[in-house]
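Numbering of ligands and ligand atoms starts at 1, following listing order. For reference, positions follow the sequence shown, starting with 1.
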Amino acid sequence: MNYTHAPYPIVECQLEILRENVKNIADRCHAHGMTVAGVMKGINGHMPLVRQFDEGGCDQIASSRLEQLYEVKKAGITKPTLLLRIPMLGEIENVVQLCDVTLVSEVVTMDALNDECLKQGKKIKVIVMVDLGDLREGYWDRKELVEACAHIENDLPGLELAGVGTNLGCYGSIQPTVEKMEELIEAAEMVEAKIGRQLEWISGGATSSFVLLNDGVMPKRINHLRIGENILLARDLQTDWGLTNMGYLRMDVFTLKAQVLEVKDKPSHPVGKIFMDAFGNFPTYTDRGIRKRALLGMGKLDLGNIEKLLPKEEGIEVLGGSSDHTILDVEDYKKELNVGDVLEFDLCYNTMLFLTSCKSVKMRYFDGDQEVFE
Ligand SMILES: *Cc1c(COP(=O)(O)O)cnc(C)c1O
């Protein structure tokens, strides 16, 4: 028996463009005296892509997932690895083996990391997280923050207190501002006063904090950022935030191609008694009469969120779909469309996350005109 992977859906990746994005971000960070961690969790650690983070000039390679950092080490990439998700107690041994730096926010976890470091004869750096109101990880109480940092400094010889950091715009949708950065610096200076030395890093956040650097208003003491989306897609800030001064970052690293399975004229409103869809939702439909529609051979399993697909061409509207199908309205599409045709899409973070981790989706890499094999 034999199975040959279908040619579609496929994500085509332009490595040269990715490398340029990395370099453009890294250069700007370095000009500010910053260390920049390239965040590759959004692409599921695909190595031809991760290598561009290294070659383009990131100082650290970061992920929330240890299995991805393992692949980085295995591939022989020598840049320090940074673990973004504060460690689970069940993964401490791997953290110490695979990470050079980790974010932390709980004393039990720091103690467990320290014990494991002593056991393995290693020392790892930690960045202690401060919650500035986004309400995901990090110390809310500043006194507790300072005490935890002093505990690392004085009692945990396996750990090096490298800095403090924060995360914004994730759960609480809080925008990074100069004021938030100054709050973080203030927290860092409380820690520094307690331990009697300067911290190596004050880590000001992710893609959304890069805006402050780009606009030239990032406080000098913020000297570490962790950037994923703005390197890989560069779409959130330019498209959703509407920033017009970031044209040096390209949004076309990735192209998704999917094949048409069916093209038919059909009613736009379902016919019969409307109940619930395959996912337990009760959607509503607009009746626009008979419309030309196309079905694609990919669905929620491949994409996560079908509604977030971004067709590259005019006249294609994404209606929805199910686990394995995407339904398009192509009534206004100006070209002829037949079964077997291939349509192209841009990715957003959500679809990129799913596509790059789905077994049904092929990945292909190009560097200029040259195809690169994994
Ligand atoms: C994912 C993540 C980042 C990177 O976020 P982007 O918005 O992709 O730049 C940075 N820090 C932490 C803690 C993260 O989990």
Does ligand 1 have an atom that lies less than 4.0 angstrom from a heavy atom of Met40?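 Heavy atoms of Met40 never come under 4.0 Å of ligand 1.
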
- prompt: Are Leu103 and ligand 1 in contact, using a heavy-atom cut-off of under 4.0 Å?
  reply: yes

(message) Would you call the rings of Trp201 and His224 parallel, tilted or perpendicular, taking 30° and 60° as the class edges?
(response) tilted

Salt bridge check: are [X] and [Y] linked by an N-O gap of less than 4.0 Å?
X	Y	value
Asp141	Lys143	no
Asp332	Arg291	yes
Asp100	Lys73	yes
Lys122	Glu116	no
Lys312	Asp346	yes
Arg288	Glu317	yes

Closest protein heavy atom (residue, atom, distance) for [atom]:
atom	answer
atom 11 (N) of ligand 1	Arg226 NE, 2.9 Å
atom 8 (O) of ligand 1	Glu229 N, 2.8 Å
atom 5 (O) of ligand 1	Ala206 CB, 3.3 Å

Counting distance only, does the side-chain N/O of Asn44 pair as donor-acceptor with the main-chain N or O of His46 below 3.5 Å?
no

The atoms of ligand 1 lying under 4.0 Å from a heavy atom of Ile227, numbered in the order shown, are 9 (O)

Determine whether the side chain, the backbone, both or neither of [X] has a heavy atom under 4.0 Å from any heavy atom of ligand 1.
X	answer
Lys41	side chain
Leu84	both
Asn167	side chain

message: Pairs of nitrogen or oxygen atoms closer than 3.5 Å, one from Val39 and one from ligand 1: do any exist?
response: no

Exercise. Out of Leu83, Leu82, Thr207, indicate the one that has the non-hydrogen atom closest to atom 9 (O) of ligand 1.
Key: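 Shortest heavy-atom distance from atom 9 (O) of ligand 1: Thr207.
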
